[in-house]
Amino acid sequence: MSETPSTSYSVNQPNSSESEQSLSTRHFNVTEPVVAKRICFYKSGDPQFNGIKMVINNRSYKTFDALLDSLSKRVPLPFGVRNISTPKGRHCITNLEDLEDGKSYICSHQRKMKPINLERASKKPLPWQISRPVSARRRAVQLARENEIGFGHRERKITTPKKMLVFKNGDVRLRRTIILGKKNTQTFEAFLDYMSELMQYPVVKLYTTDGRKVPNLQALILCSGAVVAAGREPFKPSNYDSLGYSRPAKLLGIANRVYPKANAKSESENSKKWKVSVLTSDVPSAETSSKVYITLYGDRSSSGPIFLDGEEGKLFQRGNEDIFTVHTGNIGNLYKIRIGHTNSGNSPAWHCEEVQLLNLFSGEQFSFPARRWLAWDQANGEISMELPVFHQGQPVLPVTVYEVHVTTGELWNAGTEADVYISIYGEKGDTGSRQLLRSQKPKKFLKGQTDIFSVEAVHLGHLYKIVIGHNGLGSGNGWYLDKIVIKDPITDLDYTFLCHRWLDNGQDDGNIARELTLTDASTFPGNCAEWNKDALKINHMLFIYTGQELELKREETWAAEKWKFQRGNTLQFYNKLTGGFICISPDSKVDALGDKKNKYGLFDVIVKRGNICIFSSHQIPHLALALVNGCATGKVGNATCCELRVHLQPNGSAILESARNPGHTVTFNLQGKVADETTGYAGLSREFVVHVKGVFHHGAIILLNTSLCQALSLRPDGSCSGTGQQQQESYWKVHKIGSGVCMFESVKNPKMYLKIKDGQCNGTGTGDEYCHFKIEKNLEAGSVSLESVRNKGIYVGLLPDGQTKPVINIGENNIFFYPQVIKFGREKPMGTSAAPNQEKKDFRESERQPVKAQKQISQTPSTFPPSKEMRNPQGGECPPPSADEWKVSVLTGNAGTQVNVTLWIYGDRGVFGPITLGKDNRKQLFLPRQEDEFQVKIKNIGNIYKIRIELDELPNEQSEWNLQSVTLQHLMSKKTLHFPANAWLSKNSDDRDFIFELPVVEAGKPIYPSMYCTVTYILVTCKLIVNAFEVQAVSLGKLQKVLLRCEANSKSQYWYCDKVIVREAENNSEYVFNCGRWLPFMSQGVIHSEINLYPQEGDWKITVVTGDFETAGTTATVSLYAYGEKKASGPIILGSGKHQLFNPNSEDAFKINLGDLGQLYKIRIGHDNTGNNPSWYLEEVRLERLVPLSQEVICLPIECWLAEDKGEGDTWREVAIRNPTKELLPLLVYEIHVYTGAKLGAEADFNVYINLIGTRGDAGKRKLHRSKNNNVKFQHGQMDIFFVKAVSLGDLEKVLISHDGAAPGNGWFLDKIVIKYKEGKEVQEVVFPCNRWLDEYQDDGKTQRELTAKSNSKCVSETGSSILILLIKSAWIS
């Protein structure tokens, strides 16, 4: 066992008793000794941090992540320790084995680290030698010295208890109120210990609120009533206001402003004085009447807004320079300023030229060029701007434009017209209060709308909170904020801040400003395709929720819908995909095919506990819905398999999960049958819309909910609003008038009914016919719509502010109400009503009248109107046939049908249809072995070549129709067209459909063959769903487009289609039609339900052959680039060797889409050199075009290593592809001469990459791995030679050169690059001058440069170069 000093190092030792116990029970085996490493860790960029010395061995820390977690608790970093590197930051430590005994390392929370002076830091007191940061003995020595210089020989004692407020240093929100008494003030050291326990962090120092140090008890007693508790860190100025600490954070422009006392001289010894010079531009109207303020930001704190006051009317005039002297606390090293104005006065717009700062204490000078307007009606509409400090000509932090996505909630009246302000906080400061002025939408902050704003600021680093508010005062002027997503373009991260609350004086807690913290795990890459390349492409703004947001939405849904699952309720479960209700038949079989009147589809709720229920069959009480072995069935109700847990989804649908076997859910296939193990995931359906029976029974008390937390309510003035609370004021009593017709009476205000009359919708009805509403149920949304009986087609609707208004149904959700039963009523016989008899009579007459009129119309004889209605020509005399009249004969086989039959007729000039083949007495049509004849007028559609037959949905599973043939005969010319069928149209078989196409048959052969196509829809919602269908149709030839249509009555019915794939088995062809959008969709203000899709070309099959010896395989990720005459495609990631690909002696086939590249002329294949064994021996690559189909296979032999340590040392290989009309491009060797500059620190010891670009494309990003002439590459003043093989690039035009050195000191000064190569007999030499730094901290901060070729580069032949030398020599001799 390794022994380590216990006094100098922090070691995680096991408990001694446990150790003795383990020794007594274990065998004494000889093992390897435990190697202990003594390491000291420092904080990045903090020379004040003393360092933490630790002992590292495989007992104290099993993994590297465990070490990071331990350091995160001991090193104060904003986001914990995420990176450990060597002192100069050149090498990152990624595992415990890389740590060296006795060395020091730097901890940081990001990849970039700030170096510190280790020699200086190591001289500070060693914190690991004591239990507290400062020992009691040392504290006593300090107190003794302080007493010697005038503080007295003994500490002053507390005689009267004193109340005191203690703030945490830098955080005014964390505060404690204490009572100074004899017990806690025995000594100053004891008081610090008491404070450490109270504040839950080590308290070492105390300060007054203005920054003066409190050295002893006497000074503490003399304090005014508030102190600041600090650790080892220096004092952090803040608003330590003992009276106003509890006030919420205020936003500039929305509440009473607090003007900082910046012009009063601070008494703190750490205060700084600044000279501020503000230059107003000399452009017309550059002056401002507004009040100007400035905020200084340092690495310790900020100054807060300091108003630059002076004589009114003389400041900030055109062309003037105004000079001010301001005082700030010790803000540390300045890194940015913010300057702006309050937009007040007659002419607030201001054009600022420049701001200059002079630190009167240190003499440092800073210049901030502005040269821009600060005005709402100028430039970007901002009235403030942030300017970073420049160092060596470059900003210390970049200026970025944050994209702020503000989503207003879906509640009614959720929008606002108030001015909204936001302040964004990050690890590097804040943006200050900014008004969200310009949205990308024409009107901002509307219900359910996401507005996008731009906020320009110096980069804040990682964001952690925002403050959002508005100035809409008074009830009803509020705003319901759903969430805010901020996109950082520099880091490409999205930050989500959830709210889900009102900002309203009259709602919620009455606050109009809220502080929102970053949602857990809400930071995602902004590009969803890059975030999950192997997954589907998805619009994450619609369906991607963070775990916290999803859980919140589920809780809100359960709170609104849990009433349905109360004991005694009778429910129906509707499946949106199958279009049917769950039913239990008497034989215990379960399906999802029942209609809404099916008596076996009713279930009584028996509540067990929480959200666990038993759903007993209402018709067969001894059976209940159960899950046995993962399959739904009917079982005896008291069995544990009948206990189902209800999971409500954010869309309101329910998932029924087994309480006994979590993970097993009630699931059906797309045909409505119980799903089994053979059902693919794409064919599963497990979400159900829950409907409650008896909601609109007579006398029921209900809520007509308009959202999860709002309901339709009657206001005192008689108007109605959808923004009411779900309380008694929103209760309605149901009066049932007839089947599906009701009246709604306010419970709070009896005899006031909901009505629609004279273009108004309110609650002033008296119970007459204007108060009668027909209940239209939306099965898929679980909602109802209220249609006026008096005014057909007119519904109770809601405006965005929640006010009721008569509207027509245009497919919007403003007519949807979600009923909730407070008290169930009783079912009365049809026609019973609480209304007077006269009203019932009028109602019944108005109900009967439309039926009578309809019957008269249906009895009118058909006269072949343009509406294409058909009549049976049997009986009566017909006039002489016209040139466009045809007779249609339909021969039924052994099985007939009673449903409507629809016909389309196709000609080479057009299509005629749909034609309904029917008559009044439908029972006499399409009987078994009967031929029915119809007469129809057909427009001039040219030569007829096919027909299509379609049936309405058959009434039940057993229904089917046997169609033998269809015949068309032209009545004038007697020309006859035959369409033999002998087909079954049925519902209960996969190979039978409701639609059938028949080609014209001549001489026993169809003029066009009938083909089977497999159509695959790739749908994207929250997961990948693939639906496949088989369609039989007359051959269409080469497909040119697909018409896709989706009719939806609500947003819940919208459909996202990724693509459509059509395969024809007969000719082995496949067509891909990309969609990638929602249907229906909005375009130019119009909703479109259908879209034309056009075929995608460029599908290829790529076969990669790995060598046949043991070490030929690779663990790296392989990628491919393809180059065509039109364009290039790539990188295309084929896969990773970690996933059982590219094994020795294997062939891996991939299907990829290259698009329309034109004729291919080369490919490049390689890998990223990752994994344990990245070296790869590639034998061959084969390419085969799939769409359009080609029989040619392109074989490209490689037969070489792609590895840095084998072969030529390159991980990429290019191969030319032969063009039948052109010569094969040669494979060239490019000799690259890289000249490192002779400046101090010019050398580089990191990876350098190059890409050669010519007139024929590029060579790809290649790593300059092996220098051919030097053992150590890229040294000071050195030239290194590298070789890159690539298919001829033509004339070289430019190169891209870059490196991966990121930390300070990891720069590289590149002098030039010279590339030599030989193509044919010509020797080329191209020079690319650079003479610049590639360094994040020098020059322009770029580590990648694009170099263009020098114009006088050499190009001579082999013989020509000899002649040139002779001419030079002869000229010199002469």
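Position 1 is the first residue of the sequence, and the numbers go up from there.
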Is the shortest heavy-atom distance from the side chain of [X] to the side chain of [Y] under 4.5 Å?
X     : Y     : result
V901  : D932  : no
Y1123 : L1160 : no
V911  : W904  : yes
V936  : F912  : yes
L1183 : V1193 : no
L1044 : C1057 : yes
N1219 : L1224 : no
K576  : V689  : yes

*Go through V890 and T967 one step at a time and tell me if the side-chain contact (heavy atoms from CB on, under 4.5 Å) criterion holds.*
CA-CA 7 Å; V890 179; T967 304; over 6 Å; no
*Are L577 and L670 close enough, and set up right, to give a side-chain contact (heavy atoms from CB on, under 4.5 Å), and what steps lead you there?*
CA-CA 7 Å; L577 293 182; L670 298 183; 4.2 Å; yes
Which residues pass the salt bridge (Lys or Arg N to Asp or Glu O under 4.0 Å) test with [X], sequence neighbours left out?
X     : value
K1126 : D1156
E776  : none
R1256 : E1319
K1151 : E1070

Shortest non-hydrogen contact between [X] and [Y], atoms and distance:
X     : Y     : result
S653  : E687  : OG-OE1, 3.0 Å
S965  : P980  : CB-CA, 4.1 Å
P928  : G896  : CG-N, 3.8 Å
N575  : S685  : ND2-OG, 2.6 Å
F816  : S783  : CG-OG, 3.5 Å
R1182 : C1195 : CD-SG, 3.8 Å

*With sequence neighbours excluded, tell me which residues meet side-chain contact (heavy atoms from CB on, under 4.5 Å) with D908.*
N943
_Partner set under side-chain contact (heavy atoms from CB on, under 4.5 Å) for F979, not counting sequence neighbours_ = I944, I947, V966, L968, L977, L998, V1000
_Parallel, tilted or perpendicular: ring planes of Y1056 versus W1078, cut at 30 and 60 degrees_ = perpendicular
Is the backbone N or O of [Y] less than 3.5 Å from a side-chain atom of [X], with the two atoms forming a donor-acceptor pair by type?
X    : Y    : value
T578 : A592 : yes
D884 : K937 : no
T667 : L684 : no
N894 : R929 : no
E787 : G793 : yes

What is the distance from atom [atom1] of [X] to atom [atom2] of [Y], rounded to the nearest 0.5 Å?
X    : Y    : atom1 : atom2 : result
L779 : K596 : CG    : NZ    : 6.0 Å
R948 : I905 : CZ    : CD1   : 12.5 Å
L593 : N598 : CG    : CG    : 10.0 Å
E885 : M972 : CD    : CE    : 8.0 Å
L917 : E933 : CG    : CD    : 12.5 Å
Q671 : D591 : CD    : CG    : 12.5 Å

*Any chance you could lay out the side-chain contact (heavy atoms from CB on, under 4.5 Å) test for I1132 and W1100, step after step, and finish with the verdict?*
CA-CA 12 Å; I1132 302 166; W1100 290 75; over 6 Å; no
*Check against side-chain contact (heavy atoms from CB on, under 4.5 Å), I1217 and I1194*: CA-CA 8 Å; I1217 299 176; I1194 303 173; 4.0 Å; yes
*Without hydrogens or angle criteria, can the side chains of N778 and E780 be said to hold a donor-acceptor pair below 3.5 Å?*
no
*asked:* If you count heavy atoms of other groups shown closer than 6.0 angstrom to NZ of K774, is the number above 12?
replied: no
